[in-house]
Amino acid sequence: MRKSLVLGAIVALAMTPASAEEVSLFAAGSLKGALSEVAEDYTAAFGTPVTASFGPSGLLRERIEAGEAAHIFASANMRHPRTLESAGKGGPVALFARNRLCGLARPDVTVSTDTLLEVMLSDDVRLGTSTPKADPSGDYAFELFDKSAHADTLKAKALQLTGGPDSAKPPAGRNTYAWVLDGDQADVFLTYCTNAVLAQKEVPTLQIIQVPEALSVGADYGLIVLDGAPANAWKLAMHILSPAGQTVLASYGFDAAALPKED
């Protein structure tokens, strides 16, 4: 019911006549490849330019709260856009994609799904995560730790290497997680499976490890159109939720939440 109400509200607002005004999109870093392609498709179809800023969702939310101009916010969790909705800054919030966590390991690490927890706990293994609160990927990693019997140990040893306001940035053109592991900053890193696939494309020797079912953590991605956004922002939101936009998300490894299920 909530999803129907959300989509119905977006459809109604999307029918407002559009102008050529540029759309400003703030989106989670894990969406960069997929939503860049969706934005290009949208511009080609409707002639409206899209300016996109990608980064940790928590930091993007703080920029919006500080008054920075954004029309659409696509977050790697539901909490950040719902915080903006609760503050009266826009809405409604729509679930538009799902992701999950995987392990990414250097080639010299002996690890499998069955041994992932044991390896992460090993004293001679450096465990990397993103930064909780600033980046939902870090929150999801700590949620995974909470599912184990060793939450305090894992949280204490986790190196929060990415996603924070003071995190080191990779060189231009490099995948963040490939750079972290290839640069010997960690031995195992917990990140979105979609990020792990991109990292392995850059450094093929990296290993992708599926998380054991008992520890598995899913990531729900939320979309909000902010107050004062032009009509074209609603059209872009609808394009992201359309079969065309959802197909692009699926091609990047996301579970496309708005695609109809095959019979």
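V197 and L35 are assigned to two separate hydrophobic clusters, defined by single-linkage of ILVMFWY side chains at heavy-atom distances under 4.5 Å. A single hydrophobic cluster is not seen to contain both L104 and V119; linkage of ILVMFWY side chains at heavy-atom distances under 4.5 Å, directly or through other members, places them apart. Clustering ILVMFWY residues whenever any of their side-chain heavy atoms sit less than 4.5 angstrom apart, transitively, puts L116 in a cluster other than the one holding V180. Residues L154 and Y140 are members of one and the same hydrophobic cluster, defined by side-chain heavy-atom contacts under 4.5 angstrom among Ile, Leu, Val, Met, Phe, Trp and Tyr. Linking ILVMFWY residues whenever their side-chain heavy atoms come closer than 4.5 Å, directly or via other members, leaves V188 and L159 in distinct clusters.
In summary, the side chains of Y252 and E37 do present a donor paired with an acceptor at a separation below 3.5 Å, with no hydrogens or angles considered. Neither side chain, Q160 nor T129, offers a donor N or O lying under 3.5 Å from an acceptor on the other. Between the side chains of S30 and N195, no donor-acceptor pair is found at a separation under 3.5 Å. Looking only at atom types and distance, the side chain of S112 has no donor-acceptor partner in the side chain of D114 under 3.5 Å away. Side-chain N/O atoms of N77 and Y221 include no donor and acceptor closer than 3.5 Å.
Taking 4.5 Å as the limit, every side-chain heavy atom of T191 sits out of range of all side-chain heavy atoms of C102. Between S130 and L161 the shortest side-chain heavy-atom distance does not fall below 4.5 Å. Here the side chains of L59 and P165 are in contact, with some heavy-atom distance below 4.5 Å. Annotation: side chain of H150 is not in contact with side chain of F145 (no heavy-atom distance under 4.5 Å). Here the side chains of V109 and R106 are in contact, with some heavy-atom distance below 4.5 Å. The closest side-chain heavy-atom distance from I72 to L226 is not below 4.5 Å. Within the 4.5 Å cutoff, side-chain heavy atoms of R61 are placed close to those of L84. Residues P107 and L206 form a side-chain contact, since some pair of their non-hydrogen atoms from C-beta on lies under 4.5 Å apart.
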>> With side-chain contact (heavy atoms from CB on, under 4.5 Å) as the criterion, how do T48 and K235 come out once you've worked through the C-alpha distance, each side chain's angles and the decisive distance to 0.1 Å?
In response: CA-CA 10 Å; T48 302; K235 289 186 70 173; over 6 Å; no
>> Quick one, Y177 with F189, criterion ring pair (Phe, Tyr, Trp, His ring centres under 6.0 Å). Give me CA distance, side-chain angles, the key distance, then yes/no.
In response: CA-CA 8 Å; Y177 310 98; F189 197 101; 5.3 Å; yes
> Step by step, would you call F26 with I64 a side-chain contact (heavy atoms from CB on, under 4.5 Å)?
Replying inline: CA-CA 9 Å; F26 278 26; I64 294 168; 3.8 Å; yes
>> Using side-chain contact (heavy atoms from CB on, under 4.5 Å), reason through V23 and T51 one step at a time and then give a plain yes or no.
In response: CA-CA 6 Å; V23 176; T51 299; over 6 Å; no
>> Please evaluate residues H71 and L25 with respect to the criterion side-chain contact (heavy atoms from CB on, under 4.5 Å), reporting the C-alpha separation (whole Å), side-chain torsions for both, the decisive distance (0.1 Å), and the verdict.
In response: CA-CA 6 Å; H71 299 142; L25 169 67; over 6 Å; no
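Once rounded to the nearest 0.5 Å, the distance linking CD of E22 with OG1 of T43 reads 9.0 Å. In this structure, the separation between CG on D108 and CD on Q207 is 8.5 Å, given to the nearest 0.5 Å. Residue D41 holds its CG atom at 5.0 Å from NE2 of H239, rounded to the nearest 0.5 Å. With rounding to the nearest 0.5 Å, the separation of CD in E68 from CG in L60 is 8.5 Å. Separating the CG atom in L121 from the CD atom in E118 is a distance of 8.5 Å, to the nearest 0.5 Å. Atom-to-atom distance recorded for M120:CE and T153:OG1 is 11.5 Å, nearest 0.5 angstrom.
Annotation for A76 and Y192: closest pair CB-OH, 3.3 Å, computed over non-hydrogen atoms. Summarising the geometry of A237 relative to V225, their closest heavy-atom pair is CB-CG2, 3.8 Å, with the distance given to 0.1 Å. The two residues A34 and V248 make their nearest non-hydrogen contact at O-CG1, 3.5 Å. When all heavy atoms of N175 and A199 are compared, the closest pair comes out as OD1-CB, 3.4 Å. Minimum heavy-atom separation, S167 to K169: O-NZ, 3.1 Å. Here the shortest heavy-atom pairing between P81 and F73 reads N-CE2, 4.0 Å.
A donor-acceptor pair under 3.5 Å is formed between the side chain of K147 and the backbone N or O of S216. Looking only at distances, a side-chain donor or acceptor of D187 sits under 3.5 Å from a matching main-chain atom of R126. E85 contributes no side-chain N or O that, together with a main-chain N or O of G90, makes up a donor-acceptor pair within less than 3.5 Å. In this structure, K157 contributes its side chain and V125 its backbone to a donor-acceptor pair below 3.5 Å. In this structure, the side chain of S57 does not engage the main chain of P136 through any donor-acceptor pair within 3.5 Å. Proximity of a side-chain donor or acceptor of T131 to a complementary backbone N or O of A134 within less than 3.5 Å is not detected. Q246 contributes a side-chain N or O that, together with a main-chain N or O of F96, makes up a donor-acceptor pair within less than 3.5 Å. Using a distance-only test at 3.5 Å, with no hydrogens or angles considered, no donor-acceptor pair links the side chain of D135 to the main chain of G138.
More than 12 heavy atoms of other shown residues, nucleotides or ligands fall within 6.0 angstrom of atom CZ in R79. Heavy-atom contacts from other residues, nucleotides or ligands closer than 6.0 Å to CG of D184 number more than 12. Within a 6.0 Å sphere centred on NZ of K133, heavy atoms belonging to other residues, nucleotides or ligands number 12 at most. For K155, the NZ atom sits in a packed shell: over 12 heavy atoms of surrounding residues, nucleotides or ligands are nearer than 6.0 Å.
Taking 4.0 Å as the cut-off between side-chain N and carboxylate O, R100 and D255 do not count as a salt-bridged pair.
Tested against L31, the residues I240, L249, T194, N99 include a single side chain to side chain contact (heavy atoms under 4.5 Å, CB included) partner, L249.
In this structure, R98 forms no cation-pi arrangement with F254, as its terminal cationic atom is not both closer than 6.0 Å to the ring centre and no more than 45° off the ring axis.
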